[in-house]
> 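Just dropping this structure here.
Within every chain, numbering begins at 1; the chains are lettered A, B, ... in the order of the sequence lines, protein sequences first and strands thereafter. Note that the coordinates shown come from a computational prediction; the quantities given were computed from them, not determined experimentally.
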Amino acid sequence: MSTEPVPASKGLVLPGDLLGTAEEFVPGLGAYEDGGRVYAALLGHPHIDPQARAISVRALHAVPRLAEGDLVYARVDEIKSAMAILTIVSSAGSNRGVPGAPEGTVHISKARDGYTESLATEFGVGDLVLAKVLQAHPTIKLTTAPPALGVVAARCQSCHALLALGPRGALGCPRCGATESRKIAQGYGELAPGAPGAPAHEHEPPSA
Amino acid sequence: MGSVGAKEIPELIGADGRRIDGRRPDELRPIRIVAGPLHRADGSAFVEWGDNKVMAAVYGPREVHPRHLQQNTKAIVQCKYNMAAFSVDERKRPGLDRRSQEISKVIAEAFESVVFSEEYPRTSVDIYIEVLQANAGTRCAGLVAASVALADAGIPMVDLLPAVAVGKVAGRIVLDLKKEEDNYGEADLPMALVPQSGRLVLLQMEGHMTRPELGEALDLGVIGCRKIYDVMKQALRDRYAAGSVVSGAAFSAAGVAP
């Protein structure tokens with residue numbers, strides 16, 4: 001515990017560092033109050049919100065937390081008439097899983113641009129989807145409408161081989177020859193670092 | 001002192017008041033901490049403390065296994081303390097034993113009282129402590145390593161958790177026992193401190209001490225913990241202050257790592 005409060009302009013704070021007193025600030029994310037004093041709970045940079053009189057700590061290596069606009073990888077669990085239910089496996093920007101493996105939904109109107117007759121032609125159960133978060137609370141709503149978003153990996157419904165992108169943009173099974181229909185992402189078959197199944201990489205790039 | 005059976009007991013405190021390795025009674029062994037040496041883990045730390053070498057890795061918050069341990073209102077903290085077969089003089093039989101299970105339990109409970117577990121319900125924070133080389137005080141070294149690893153993993157907690165053992169050797173209260181002092185001394189008292197509040201979250205004792213001795217030992221341990229706390233904080237600052245670390249969020253969604 002430092003005896004002097006850490007001014008918000010000063011770089012790094014560690015868990016247990018004194019940020020100020022309860023009269024000065026409300027503890028925001030990454031901060032807590034104990035006995036009238038506000039301390040840091042995370043390793044990061046302090047940030048003061050003058051409107052809310054709140055002090056928070058922006059973590060340098062944070063546990064992923066979903067927010068509106070985030071890109072996520074999700075696995076399709078179930079397809080209903082009006083929506084698909086997915087489990088969010090990780091946020092696309094990080095190689096850490098989202099804690100709690102939360103469930104998200106894609107409404108039939110948000111699966112692709114334009115009218116969708118049936119979600120069964122857009123997703124298959126087990127597909128890996130790149131999606132954008134439309135709403136993070138209280139429930140997670142996702143969209144795959146933009147061209148960059150949609151299915152990034154899918155398996156053949158009859159023989160379970162990984163589907164490959166054909167010359168005319170159609171999905172075909174290289175093993176049994178079946179063709180399937182999906183709302184595919186522009187980068188079908190390519191996984192960003194940190195995506196489940198992508199080659200492992202280090203969360204810390206070499207400093208050289 | 002004297003000899004028990006045929007085995008020669010080393011002179012633990014010399015005529016000059018120095019200990020077997022030349023330390024004063026209130027002196028720690030040299031300690032070096034590296035934050036974040038492992039890249040696959042969410043957080044990690046390596047601690048070299050005297051002749052102890054301990055690696056800790058932290059994962060999570062992530063799915064709970066086994067499932068029935070899951071709690072709907074908070075995260076659980078699970079810890080696995082393990083000694084390598086080559087960590088001691090005679091080969092240690094690998095795997096769980098009563099000692100390592102006990103240490104895992106007390107370390108997990110110590111962290112449960114400082115981690116803000118309500119923020120991540122239905123998840124588990126998993127701590128793995130591997131003792132590569134042991135020379136008394138490995139539960140404290142493991143706790144220190146795990147604590148730095150938790151901070152490195154960005155897990156919210158009240159404070160870092162420095163830990164040290166105090167003991168009674170040749171009738172004197174001394175800080176940070178080494179192997180000979182632990183084996184032939186009269187008492188061993190490992191403790192872990194929350195510096196922010198001054199609370200102890202781990203306190204065990206082996207052997208005997210009088211009440212005034214216990215008071216003296218606790219005071220000495222708190223002083224030792226605060227010294228270790230400074231080393232822990234410096235290790236984290238060294239890793240993050242230079243700006244060499246890129247947080248997960250800094251990777252662009254396009255998949256281009258900077």
> Is A:K183 atom NZ crowded by more than 12 heavy atoms from other residues, nucleotides or ligands, each under 6.0 Å away?
yes
> Count the heavy atoms belonging to other residues, nucleotides or ligands that lie under 6.0 Å from CZ of A:R58, then report whether that count exceeds 12.
no
> At a heavy-atom separation under 4.5 Å, does A:D70 approach chain B through its side chain, its backbone, both, or neither?
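Answer is neither: A:D70 stays 4.5 Å or more from chain B.
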> Within a reach of under 6.0 Å around NZ of B:K80, are more than 12 heavy atoms found that belong to other residues, nucleotides or ligands?
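No - once you tally the heavy atoms of other residues, nucleotides and ligands closer than 6.0 Å, there are 12 at most.
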> To the nearest 0.5 Å, what is the distance between CD on B:E119 and OH on A:Y32?
12.0 Å
> Any donor and acceptor pair, going by atom type alone, linking the side chain of A:H61 with main-chain N or O of B:D152 inside 3.5 Å?
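Yes, A:H61 side chain to B:D152 backbone: donor-acceptor pair under 3.5 Å.
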> If I measure from the heavy atoms of chain B, does A:A31 come under 4.5 Å with its side chain, its backbone, both, or neither?
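Answer is neither: A:A31 stays 4.5 Å or more from chain B.
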> Less than 4.5 Å to any heavy atom of chain A: does that hold for the side chain of B:A75, its backbone, both, or neither?
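Neither part; nothing is under 4.5 Å.
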> Which residue out of B:R122, B:E63, B:M157 racks up the most heavy-atom pairs below 4.5 Å with chain A?
B:M157
> Measuring from B:F116:CZ to A:L42:CG, what's the distance to the nearest 0.5 Å?
9.0 Å
> Less than 4.5 Å to any heavy atom of chain B: does that hold for the side chain of A:R65, its backbone, both, or neither?
side chain
> Could you tell me which non-hydrogen atom of A:V63 sits nearest to which non-hydrogen atom of B:Y120, and how far apart they are?
CB-OH, 3.6 Å
> Under 4.5 Å, counting heavy-atom pairs only, tell me which of A:D34, A:V98, A:V57 racks up the most with chain B.
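That would be A:D34.
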> Measure B:Q70 against the heavy atoms of chain A and call it side chain, backbone, both or neither at under 4.5 Å.
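For B:Q70, no heavy atom lies under 4.5 Å from chain A.
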> Rounded to the nearest 0.5 Å, what separation is found between the CG atom of A:L12 and the OH atom of B:Y240?
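That separation rounds to 9.0 Å.
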> Side chain of B:R237, backbone of A:V13: donor and acceptor closer than 3.5 Å?
no
